[in-house]
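Here the structure is laid out as structure tokens; the discussion comes afterwards.
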Amino acid sequence: MADVLIVYWSGTGNTEMMAEKIKEGLENNHVVVKMATVDEVDPSEVSNYNKILLGCPSMGEDELEDTEFEPFFEEITGLIAGKHVGLFGSYGWGEGEWMTLWENRLNLTGANLFQKGLIVNYTPTEEDDELCVAFGEAFAKL
């Protein structure tokens with residue numbers, strides 16, 4: 001079984017690119033990773049992991065994607081208390097408010113938020129790719 005579960009939703013591919021680079025950082029530290037889109041994971045599966053990374057872009061200044069990711073997140077809120085959870089995603093407007101709101105919601109679940117959520121404006125640049133790899137490497141050391 002994998003050590004870390006990465007679950008993400010990506011509309012334009014930007015959050016998927018982030019997930020790939022974060023996975024690279026984890027694997028640089030010999031961590032076994034299961035990475036899947038939100039529609040490929042049953043919410044109950046998060047119970048099998050102590051380390052979970054969730055990726056979703058903003059769908060407005062303060063919203064998660066509402067047809068697949070939001071229902072998934074709602075369903076896992078009772079399953080992640082005490083687990084290490086990191087958040088990441090891309091955004092195209094505002095200043096990343098959705099991430100602050102998401103972090104606050106995560107803290108209410110009793111999960112242990114890893115750092116601040118990692119955000120990238122639009123398509124990840126080479127510098128953003130490096131930040132994603134570093135995020136994964138740091139998460140691997142928990």
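Sequence positions, counted from 1, serve as the residue numbers for this chain.
Of the possible polar contacts, one joining the Trp98 side chain to the Cys56 backbone as a donor-acceptor pair under 3.5 Å is found. Of the possible donor and acceptor atoms, none in the side chain of Asn29 sits under 3.5 Å from a partner among the backbone N and O of Val31.
Using a 4.5 Å heavy-atom cutoff, the side chains of Val85 and Phe114 are not in contact. Under the 4.5 Å side-chain criterion, counting only non-hydrogen atoms from C-beta, Arg105 is in contact with Phe73. Contact check for Ile6 versus Leu26: side-chain heavy atoms found under the 4.5 Å cut-off. Side-chain contact between Leu54 and Ile76: present, with at least one pair of heavy atoms (C-beta onward) separated by less than 4.5 Å. By the 4.5 Å heavy-atom criterion applied to side chains, Asp66 and Met59 are not counted as neighbours. Residues Asn121 and Ile119 form no side-chain contact, since every pair of their non-hydrogen atoms from C-beta on lies 4.5 Å or further apart.
The distance from the CD atom of Glu68 to the CH2 atom of Trp9 is 7.5 Å, given to the nearest 0.5 Å. Distance CG/Asp39 to CZ/Phe69: 12.0 Å, rounded to 0.5 Å. To the nearest 0.5 Å, the span separating OH on Tyr122 from OG1 on Thr12 amounts to 10.0 Å. Of the inter-residue distances, the one linking Lys83 atom NZ with Lys51 atom NZ reads 12.5 Å to the nearest 0.5 angstrom. In this structure, Glu103 CD and Met99 CE are separated by 6.5 Å, a value rounded to the nearest 0.5 Å. A distance of 10.0 Å separates OG of Ser10 from CE of Met18, quoted to the nearest 0.5 Å.
The two residues Glu45 and Val41 make their nearest non-hydrogen contact at OE1-CG1, 3.8 Å. Residues Gly89 and Thr15 share a closest heavy-atom pair of CA-OG1, 3.9 Å. The two atoms that bring Ser58 and Gly92 nearest to each other are OG-N, 4.1 Å, heavy atoms only. Residues Val38 and Val7 come closest through the heavy atom pair CA-CG1, 3.6 Å.
Leu87 is not connected to Val120 by any chain of hydrophobic side-chain contacts under 4.5 Å among Ile, Leu, Val, Met, Phe, Trp and Tyr, and they are in different clusters. A single hydrophobic cluster is seen to contain both Phe88 and Val33, as judged by linkage of ILVMFWY side chains at heavy-atom distances under 4.5 Å, directly or through other members. Linking Ile, Leu, Val, Met, Phe, Trp and Tyr residues whenever their side-chain heavy atoms come within less than 4.5 Å places Trp102 and Val46 in a single cluster. In the hydrophobic clustering of this structure, Val4 does not group with Leu79; members are Ile, Leu, Val, Met, Phe, Trp, Tyr whose side-chain heavy atoms approach within less than 4.5 Å, directly or through other members. Cluster annotation: Leu113 is connected to Ile80 through the hydrophobic network of ILVMFWY side chains, with a link wherever side-chain heavy atoms come within less than 4.5 Å.
Under a 4.0 Å N-O distance rule, the pair Lys21/Glu24 qualifies as a salt bridge. With salt bridges taken as basic N to acidic carboxylate O contacts below 4.0 Å, none links Glu40 and Lys34.
Within a 6.0 Å radius of CD in Glu95, other residues, nucleotides and ligands contribute 12 heavy atoms or fewer.
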Listing, residues 128-142 side-chain donor-acceptor contacts under 3.5 Å, not counting sequence neighbours, or none:
unit_1: Asp128; atom_1: OD2; unit_2: Thr125; atom_2: N; d: 3.0
unit_1: Asp128; atom_1: OD2; unit_2: Thr125; atom_2: OG1; d: 3.1
unit_1: Glu137; atom_1: OE2; unit_2: Asn28; atom_2: ND2; d: 2.9

